[in-house]
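So that the names make sense, note that chain A is the first sequence line, chain B the second, and so on, each numbered from 1.
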There are 2 protein chains.
Amino acid sequence: MVPTDSSYSSTGERPARRRRKEARPAELTAAALEHFVEKGYAATRLEDVAAQAGVSKGTLYLYFENKEALFRAVVEEGIVPVLAAAEEMLADFSGSSVDLLRRLLFGWWEQVGATRLAGVPKLIVAEAHNFPEVAQYYHDNVIVRGRSLVRRVLARGIERGEFRSLDVETAIDVIIAPLLMLVIWQSSLRFCGPEFVPENYLQTHFELLVRGLAAGEETPGIGVPDSERQGV
Amino acid sequence: MVPTDSSYSSTGERPARRRRKEARPAELTAAALEHFVEKGYAATRLEDVAAQAGVSKGTLYLYFENKEALFRAVVEEGIVPVLAAAEEMLADFSGSSVDLLRRLLFGWWEQVGATRLAGVPKLIVAEAHNFPEVAQYYHDNVIVRGRSLVRRVLARGIERGEFRSLDVETAIDVIIAPLLMLVIWQSSLRFCGPEFVPENYLQTHFELLVRGLAAGEETPGIGVPDSERQGV
DNA sequence: ATAGTTAGTGACTTTTTGGTCAGTAATTGC
DNA sequence: GCAATTACTGACCAAAAAGTCACTAACTAT
């Protein structure tokens, strides 16, 4: 995010030039992610990215063929490992499905939502049309696998009689949507004041979900609106 | 969206030039909305926008001072009337709060989600940082008022004993998030295949909500996870 | 008809920025 | 030390797109 060696002396001369072949790519993609999320792909100037990473524009082109390659690297970096960890956690879990769902939601928040990775969904949403192949990559490696995680939790809960049976595929989307919206909000509209607490938001979402999924008696009024109901 | 008079003759000569002072601005903003949503603000070429509206670039500059003014016009156009209609509907409604909530969700879908206006949220999300004053306008005139609508439905339901009491402000966000995510998805990732039906998605969201909001006995397992519970 | 008004045009200028490369200096091997 | 290597620099180039304006032609009033 910031050049590691930023020891300006008080006289204002620039920091000594350093050769750090290993560290450059990660510093550049980190800086690029920040700029892409903040300003969008097209409005991001590579010179600014390079400057934030503490190098010149020419150096950026030593490590990335062009702007699009940098964009691909930003997206492809560091997303998959998180999913792998979650998949493993889910495989050997023995508690209730409600607990499992809670773990999934809050684990996601800690591993993704509260980190710099939270900017990626906004980036994908904003640039999907301009980079269809990157969007496809994200779809196959993040969306499909993420949906699969939720699907397994729902199936488990239904099988064990903890959740009522419902349209699983659609429910997955409804469960994930507030999570995505949370990070998208945070990385675009910042005027959700200090009274907005992500943990409370997640907790409310979770509570609504658990009650909404719970097996039990029918809740009245869900099917056809009263106003459109014909006398029987 | 498209030049009204697009009668090319079979010989390939261009359509006759027409003077249509009144119609131009709306046609230009409609074309611009499409391009902005599809490619993003910075990647949109004004020459393309003008061409799609059936005029030259010079004409665009007759009606809008510059690119940013065009962007502002796109956002400010045609959002408020929809909200006004919803506010009125809500004011004189006498049925159950569940029905009211249903009307709000599906009414929003018909009036916004299924129209070209559906692209605006993605546009705002993507460009909020580059146009803080436009984001502020959208916040004050759409977000605040939209949240207020949902707040009144929830307050009404709680007051009448139809809904349990809960953290209303946070619940509002959780209710709105899947709606926004729906239109954002649709205007960016298009690979949600033909098996994805927005109406089903809305119905599932609604059903989860109604059960989640319903007044009634406590559902176990919501508070502290079993795994973290100490013996009493 | 026809002179006057103004919507509309598109070639041109200006600005911005992605991308290049000849040169510089930090590091390594001897 | 000193030469060889190469990470790094930033002035420069070229392409793209915003923005301008002298000119054209559709409409209008008389």
Side-chain angles (χ1 to χ4, degrees), chain A residues 2-9 13-29 31-32 35-36 38-74 127 130-131 134, chain B residues 2-9 13-29 31-32 34-36 38-74 127 130-131:
Chain A
V2 161
T4 316
D5 184 343
S6 56
S7 51
Y8 282 74
S9 82
E13 74 248 21
R14 295 193 318 231
R17 198 202 264 189
R18 287 285 149 76
R19 302 175 65 174
R20 299 189 307 116
K21 189 179 164 72
E22 318 303 325
R24 298 302 189 202
E27 289 172 2
L28 284 165
T29 51
H35 275 80
F36 285 155
E38 180 123 349
K39 312 175 103 69
Y41 174 84
T44 292
R45 289 192 314 224
L46 293 189
E47 196 145 11
D48 291 346
V49 172
Q52 185 170 332
V55 297
S56 72
K57 189 163 59 160
T59 300
L60 194 157
Y61 279 92
L62 284 179
Y63 296 101
F64 300 95
E65 194 185 332
N66 52 32
K67 195 178 185 181
E68 183 173 342
L70 176 64
F71 179 77
R72 277 199 302 273
V74 165
E127 306 295 345
N130 296 115
F131 302 97
V134 177
Chain B
V2 160
T4 315
D5 185 342
S6 56
S7 51
Y8 282 73
S9 83
E13 75 246 19
R14 295 196 316 236
R17 198 202 263 189
R18 289 285 147 75
R19 301 177 62 173
R20 299 171 41 251
K21 188 179 162 74
E22 319 303 326
R24 297 303 188 201
E27 289 171 1
L28 284 164
T29 51
E34 240 174 75
H35 275 81
F36 285 156
E38 180 123 349
K39 311 174 105 68
Y41 174 83
T44 293
R45 289 192 313 234
L46 293 190
E47 196 144 13
D48 291 346
V49 171
Q52 183 170 332
V55 296
S56 71
K57 189 164 58 160
T59 301
L60 194 155
Y61 279 92
L62 284 179
Y63 295 101
F64 301 94
E65 193 185 333
N66 52 32
K67 195 177 183 181
E68 182 173 343
L70 176 64
F71 179 77
R72 276 198 302 272
V74 165
E127 306 295 344
N130 296 115
F131 302 97

**Prompt:** Atom CG of B:L62 to atom P of C:dA7: distance rounded to whole Å?
**Reply:** 7 Å
**Fill in**
Rounded to whole Å, the NZ-P distance (A:K39 to C:dT16) equals 14 Å
**Message:** Ignoring hydrogens, what is the shortest heavy-atom contact between B:A42 and A:A42? Give both atom names and the distance.
**Reply:** CB-CB, 3.5 Å
**For atom CZ of B:R19 and atom P of C:dA7, their distance in whole Å** = 6 Å
**Prompt:** D:dT9 P sits how many Å from A:R18 CZ, rounded?
**Reply:** 12 Å
**Request:** Taking all non-hydrogen atoms of both residues into account, name the closest pair between B:L60 and B:V49 and its distance.
**Result:** CD1-CG1, 4.1 Å
**Message:** For A:Y41 and A:F36, take the angle between the two ring planes, folded into 0 to 90°, and tell me which bin it lands in: parallel under 30, tilted 30 to 60, perpendicular over 60.
**Reply:** tilted
**Asked** In whole angstrom, what separates B:R20's CZ from D:dA26's P?
**Response** 15 Å
**Message:** Could you tell me how far apart B:R24 (CZ) and D:dA26 (P) are, to the nearest whole angstrom?
**Reply:** 13 Å
**Prompt:** Minimum heavy-atom separation for B:K39 to A:N130, with atom names?
**Reply:** O-OD1, 3.0 Å
**Asked** Distance check: side-chain N/O of A:T59 vs OP1/OP2 of D:dT9, anything under 4.0 Å?
**Response** yes
**Message:** Here's a test for you: under salt bridge (charged side-chain N to carboxylate O under 4.0 Å, His left out), which of B:K21, B:R18, B:R20 qualifies with B:E27?
**Reply:** B:R20
**Message:** Counting the atoms with a prime plus P, OP1 and OP2 as sugar-phosphate, which does B:Y63 contact under 4.0 Å by heavy atoms, base, sugar-phosphate, or nothing?
**Reply:** sugar-phosphate
**Prompt:** What does nucleotides 12-24 of chain D look like as a protein-contact string, B for base, S for sugar-phosphate only, - for none, at under 4.0 angstrom between heavy atoms?
**Reply:** -----SBBB---B
**Fill in**
The side chain to side chain contact (heavy atoms under 4.5 Å, CB included) partner of B:T29 among B:F71, B:F64, B:Y63 is B:F64
**Request:** Would you mind reading off the distance between B:K21 atom NZ and C:dG8 atom P, rounded to a whole angstrom?
**Result:** 8 Å
